[in-house]
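Right, one structure below, let's go through it.
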Amino acid sequence: MSRRFAPLLVAMLCLQATDAFGGEWSPERAASYLDRRLEQWFAWKPAASADGPCVSCHTGMTYLMARPLLRRRLGEPQPTPYERGLLDRLRASVGEKPESYLQGVEVIFAALFLSEQDARQPMSTATRRAFDQLWMLQATDGPSKGSWAWLSVDLDPWEHAESAYFGAALAALALGHAGQAYADGRTVAPHASALTAYLRAPPSARRPQHDTLASLWASSRRRDLLLEPERRALVADVLSKQQPDGGWTLSSIGPWAAHPQKPPVSGSSSYATGYVTYVLQRAGVGHSEPRLARALSWLASRQDRDTGAWPEVSMNKRYPAGSMESFFMQDAATAFASMALIEAGH
């Protein structure tokens, strides 16, 4: 190819990529928004503890998932102080997390994020201790066999009566990070088998599809979690609920409990669309698939250019405008929207 035409070709390809996603988005602004929120979270007294700030589902968990991807996308050489602070909280008392209403959540998070830190290298002592406690706390009988106690405080989408399934799927992701050799080990294999059996059990009528999608996400690391026909059926079902504008509504990934005090919402949701689009890509749906391309286009066009966030409101109650709690779902929406767009290579 002639050198004189090369710059023109590059420009055309870039324009086509931008058009395919319906506009540009700013990873820099997304990262800046998440960092500002973690700065506030670290200073917020209700989140504080002697070991560091709580690794909440809405703000901490999603930050630890999204921020490393944004950091690599932006070429930042070091983890942020907030990444280090949250990981320090997970390492505190690792393998000996004290009994509390958060014990199961913290132990799963410790295994999930510490094993991710060990990717492509030998398992660290801290990660091994996290897994040791994880298996020690795994339920051994009854309908919850193979799962863990999880926080249930009637708050959607992560802390309701069925959320133990979501937590178990995160544990399966952690096991996937640890690698097949670890999962097949003599002492671990029975625990892995019980976890798989729990995740593959017939779904409860009350379980939101949001949580079932977490098992599809986990199957990207552990293929035995779902048979191929099950995987295809789940992908087809969630794609059938896509809205004409390319997004998903929160109700489409329910059912959810009634929350009379929640803010009124209508139309496609930043959180639902970011979450579904990321999970579908992890499950093997290519970003050029027409329905997924429309979803990515929807996401790329919905970032608030001033704040860098993807706007979202609580599923549970009205909070005072500008309060810490009023941004919790927006934190998660911004994290998953960023993850979905980065996964697509955009």
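Only a predicted model underlies this, so the values are computations on that prediction, with no experimental measurement involved. We count residues from 1, following the sequence as given.
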Distance col, row R282:CZ vs S220:OG, nearest 0.5 angstrom, shows 4.5 Å

Ignoring hydrogens and geometry beyond distance, is a side-chain donor-acceptor pair present between [X] and [Y] at under 3.5 Å?
X    : Y    : answer
Q242 : R294 : yes
T80  : Y63  : yes
R36  : S32  : yes
Y271 : H210 : yes

Does [X] reach the side chain of [Y], with side-chain heavy atoms less than 4.5 Å apart?
X    : Y    : answer
F327 : W41  : no
M329 : S269 : no
Y101 : S152 : no
C57  : W150 : yes
L90  : Q117 : no

Quiz item: Hey, what's the ring geometry for H160 with W256, parallel, tilted or perpendicular (30° and 60° as the breaks)?
Solution: perpendicular

When you measure from the side chain of [X] to the backbone of [Y], do you find a donor-acceptor pair of N or O atoms at a distance under 3.5 Å?
X    : Y    : result
Q281 : A344 : yes
S219 : L225 : no
S193 : A189 : no
Y165 : L199 : yes
S326 : Y319 : no

So that I can tick it off, tell me whether [Y] and [X] are bridged by a salt bridge, with the cut-off set at under 4.0 angstrom between side-chain N and carboxylate O.
X    : Y    : result
D132 : R129 : no
R221 : E116 : no
R200 : E230 : yes

Fill in: Exceeds 12 heavy-atom contacts within 6.0 angstrom, atom CZ of R206
no

From the list V276, D211, T273, side chain to side chain contact (heavy atoms under 4.5 Å, CB included) partner of I253 resolves to V276

Kindly say whether the aromatic ring centers of W310 and F336 come within a distance under 6.0 Å. no

